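Computed from heavy atoms alone, side chains included, the values below leave out hydrogens, waters and symmetry copies. Reminder, nothing fancy here: chain letters follow the sequence lines and each chain counts from 1. Bear in mind that the values here come from a model prediction, so they are computed numbers and not experimental data.
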2 protein chains.
Amino acid sequence: MTTMTKKAAAPKFERIAPDERRARLIAASIACLAKGGIQGFTVDNICHEAGTSRGLITHHFGSKNALLAAAYASIYGKVLDNLDRAETTPQSIDELVDMMFADSFLSRDYLNVWLALWGEIAVNPVLQVEHRKNYALYRERIARAISAFARGQGVTVDSYDVATIVISLVDGLWLEQCIDQSLLSLDRAKDLCRRTLTAVLSA
Amino acid sequence: MTTMTKKAAAPKFERIAPDERRARLIAASIACLAKGGIQGFTVDNICHEAGTSRGLITHHFGSKNALLAAAYASIYGKVLDNLDRAETTPQSIDELVDMMFADSFLSRDYLNVWLALWGEIAVNPVLQVEHRKNYALYRERIARAISAFARGQGVTVDSYDVATIVISLVDGLWLEQCIDQSLLSLDRAKDLCRRTLTAVLSA
DNA sequence: CGTTTTACTATACAACCGTATAACAGTGGG
DNA sequence: CCCACTGTTATACGGTTGTATAGTAAAACG
């Protein structure tokens, strides 16, 4: 009664464009994955993190699993975008290494998300499809950069092999740093990567 | 009535030594992790896989999480044992590589277990402790093998750096093979590892 | 053979899981 | 200004979660 004056009656919820809402739910999903791994990826957690009610996941994505796939696509998309945005072909080993680690600035939380997703990919067909698509693009780009760089140096390499080595190495280093950050700093990881790349490319 | 003859009255359950029962529950846990990742690691799944009732996990381990830690310890213990059992110091790059991949014969299922556990380590303090302990021992042993091998070749290296590189590379290669087995065969993984090791050790 | 111990089963429990459903409310078109 | 549309909430649902509890049964000990 007391507040019953006709004063614009504060809206009971925020109504925003579907795309924007989807983006927020994806962001919340990533936050949940970072905090609690795949087990933290629950409807309750996500919607609480996003500040919405539980119904929106179904409404905007159809299912929780579809949201997971969308989140994965979003993350990988950002990585690929960063790779595309990177200027030209790397002119030095250092630039090549920086390119490989361009996304790791996103901190430990971000790495935990990858780890959580990787564990799920192996047992989740929908994620598997999403992964395959993106990984192929990723390796393609890394291989191209390596190929261009090697050509500039007058060296010939099987760029796909080298790309696989470097990607695996970086993933492995991330893994270690992510699991126990006292073992490895970003600088040391870059250093080890540089060292390996130098050796492999000059062999 | 018909079967009411006093014929030793088949026992209603199998009563075995606690150690043996724990081992079986751990084996069942690993099977569940392989099949469904960390989300497949549930009391119901594990006990059904082990052929027991649900009460035994609490009885023998105290909690599900303690069982998970025990399973991780068991897996890592097997890896370390295999490493110890390996003859002497590797005499060639090939032997070194074989040593690194000695456990991967345990197939894709086995790799899925690692992946599931890795994703959990980052967010599970109990697993984190277990991991740190075992990883230190693992790297120690790999570094020692590399050091001994390098000495035999008359090369001097920072064996810990090289160990970190190799372990990361192998983990990364496992990762890829595990996520999408169409990308990488064991032979090719070994080959890439051999190539990297050769390059790094001769630099 | 009777007693004690404890491995084991069965069940109960509250909390949480993902999704389906219905009602509500903000927005744009007429 | 009213209506249709749909983004949003609230709730209900059956099923599953991990653990605590109570009772059963098998083996060990005297």
Encode nucleotides 9-23 of chain C as B, S and - characters from 5' to 3', where the letter depends on protein heavy atoms closer than 4.0 Å: B to the base, S only to sugar-phosphate, - to neither.
-> B--B----SBBS---
Go through D:dG7, D:dT8, C:dA7 for me and flag the one nearest to the B:Arg15 side chain.
-> C:dA7
For A:Ile16 and C:dG26, give me the distance from atom CD1 to atom C1', rounded to whole Å.
-> 13 Å
Qualifying residues under salt bridge (Lys or Arg N to Asp or Glu O under 4.0 Å), relative to B:Asp19, sequence neighbours excluded | B:Arg22
Would you be so kind as to tabulate the donor-acceptor pairs closer than 3.5 Å made by side chains of residues 116-124 of chain A, with sequence neighbours excluded?
{"residue": "A:Glu120", "atom": "OE2", "partner": "A:Asn124", "partner atom": "ND2", "Å": "3.3"}
{"residue": "A:Asn124", "atom": "OD1", "partner": "A:Asn65", "partner atom": "ND2", "Å": "3.4"}
{"residue": "A:Asn124", "atom": "OD1", "partner": "A:Val126", "partner atom": "N", "Å": "3.2"}
{"residue": "A:Asn124", "atom": "OD1", "partner": "A:Leu127", "partner atom": "N", "Å": "3.4"}
{"residue": "A:Asn124", "atom": "ND2", "partner": "A:Asn65", "partner atom": "OD1", "Å": "2.8"}

Across all chains, not counting sequence neighbours, the salt bridge (Lys or Arg N to Asp or Glu O under 4.0 Å) partners of A:Glu176 are none
Keeping to residues at least two apart or across chains, list the salt bridge (charged side-chain N to carboxylate O under 4.0 Å, His left out) pairs with something in residues 138-151 of chain A.
-> A:Asp84-A:Arg141
Expressed in angstrom and rounded to an integer, what is the separation of B:His48 atom NE2 from D:dT17 atom P?
-> 12 Å
Check the pair B:Asn112, B:Cys178 against side-chain contact (heavy atoms from CB on, under 4.5 Å), reporting the backbone distance first and the verdict last.
-> CA-CA 7 Å; B:Asn112 279 359; B:Cys178 184; 2.9 Å; yes
Applying salt bridge (Lys or Arg N to Asp or Glu O under 4.0 Å), name anything that partners B:Asp161, two or more places apart in sequence or on another chain.
-> A:Arg188, A:Arg195
Taking atom C1' of C:dA7 as reference, at what distance in whole Å does atom CG of B:Asp19 sit?
-> 13 Å
